[in-house]
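Take a look at the structure set out below.
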Amino acid sequence: MTHRPFALMLLLSTAMGILLSGCNVARLTINTPLTPESVAFIAEGRTSLADVVDTLGAPDSITDAEMGSIVTYRFLNAKYSRVNFGWLLKPWSPVDPDFVFSRSGLGTDAFELLCDTNWIVTHYAFVRHRPEPPFTPYPF
Amino acid sequence: MRLVGLLLAMMMLLLNACAFSRGTLGDELKTETINSIKKGVTTRAEVLAQLGAPDRVLQLNGRDLFQYYRYDAKVGSLLLIVVNFSRVSVKSDDLFVVINREGTVEEVIASKRTEGLEFRFWPFGD
């Protein structure tokens, strides 16, 4: 009876070891990802660029447009995960076997504002609002 | 005593496999230098004297736009034999100075996002 918790712990550790064998999880974040909620305070025709900068910080680029300027905020949320199942054979194999599943996901996005010549925001939109990439090494 | 020993063992186990890396690009944009640029007062020559040549120069409806930037990247890695976690965080400080046709500063847009940049290891969550 007293052996049951030990056996359970051993089983769990083995299962964890197998699941996590040669696991790599990495993430790259460039700037703070913006969401529709974080830019909801912007009112077209009323909010100035100074108000936007106070809340979101300075943009990454400002370019010329026919009726004013285009202000762009860029951000990236990339995820990478990798599992090397070859690790499971390491104790029994004379070579270093590799059997790798890995997957990367890029959540690149940009938020653009069109400002008039008085720096009032006239339009704004996300360039492409992608869903958060998952941490799943299964590539198929 | 046993708890202290356990904590020490845990710390040795975790910190033994830690890696910190950092990379920067560009010169630091000092807050006092940014604050010294006054709209309608500071001239193009004064901006160049204080900040040097800009990283980018753009034309904005007949006005000049000087862009200065600095990037900071911090990488934290936790290497635990069978599982490795790492996280790279990059942020930038940006300064835009709009100079009108008369050669004086019309607008200053700046922020220092790198001030809140921390070393992070855990790749999950925010």
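All values derive from a computational prediction rather than experimental measurement. Letters go in sequence order (proteins before strands), and every chain restarts at 1.
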Q | Residue, of A58(A), A78(A), S69(A), that accumulates the most heavy atom pairs under 4.5 Å with chain B | A | A58(A)
Q.
I'd like to verify something: which residue of W122(B), F121(B), Y69(B), F96(B) has the highest number of heavy-atom pairs under 4.5 Å with chain A?
A. F96(B)
**Q.** Where Q67(B) and D60(A) come nearest, the two heavy atoms and their spacing
**A.** NE2-O, 3.0 Å
Q: With a 4.5 Å cut-off on heavy-atom pairs, point out which of L117(B), N61(B), L65(B), V98(B) contacts chain A the most.
A: N61(B)
Q: Find the one option among T32(A), N31(A), L49(A) whose heavy-atom pairs under 4.5 Å with chain B are most numerous.
A: N31(A)
Q | Partner set under side chain to side chain donor-acceptor pair (under 3.5 Å) for S38(A), not counting sequence neighbours | A | T35(A)
Q. In terms of heavy-atom proximity below 4.5 Å to chain B, should A65(A) be classed as side chain, backbone, both, or neither?
A. backbone
Q. Where on S81(A) is there a heavy atom nearer than 4.5 Å to chain B: the side chain, the backbone, both, or neither?
A. neither
Q | Part of D54(A) within contact of chain B (heavy atom distance under 4.5 Å) | A | neither
Q) Can you say whether Q59(B) sits under 4.5 Å from chain A via the side chain, the backbone, both, or neither, judging by heavy atoms? A) backbone
Q. For the ring pair F101(A) and F99(A), is the centre-to-centre distance below 6.0 Å?
A. yes
Q.
Closer than 3.5 angstrom, by distance alone: can the side chain of T33(B) be matched with the main-chain N or O of L29(B) as a donor-acceptor pair?
A. no
(Q) Is V75(B) in contact with chain A via its backbone, its side chain, both, or neither, using a 4.5 Å heavy-atom distance? (A) neither
Q.
With a 4.5 angstrom heavy-atom cut-off, is it the side chain or the backbone of L58(B) that approaches chain A, or both, or neither?
A. side chain
Q. Side-chain donor-acceptor pair under 3.5 Å between S36(B) and Q50(B), yes or no?
A. yes
Q | Side chains of D109(A) and F75(A) in contact at under 4.5 Å (non-hydrogen atoms) | A | yes
Q. Are the charged groups of D64(B) and R44(B) less than 4.0 angstrom apart, N to O?
A. yes
Q. Are any side-chain N or O atoms of R46(A) and backbone N or O atoms of A43(A), one a donor and one an acceptor, separated by less than 3.5 Å?
A. no
Q: Output the residues of residues 105-114 of chain B for which the shortest heavy-atom distance to chain A is under 4.5 Å, in residue-number order; output 'none' if no such residue exists.
A: E106(B), E107(B), I109(B), A110(B), S111(B), R113(B)
Q.
For D27(B), is the CG atom crowded, meaning more than 12 foreign heavy atoms sit under 6.0 Å from it?
A. no
Q.
Main chain of L114(A), side chain of T122(A): is a donor-acceptor contact present, judged purely on distance under 3.5 Å?
A. yes
Q. Which region of V53(A), side chain (C-beta onward) or backbone (N, CA, C, O), has a non-hydrogen atom less than 4.5 Å from a non-hydrogen atom of chain B, or is it both or neither?
A. side chain
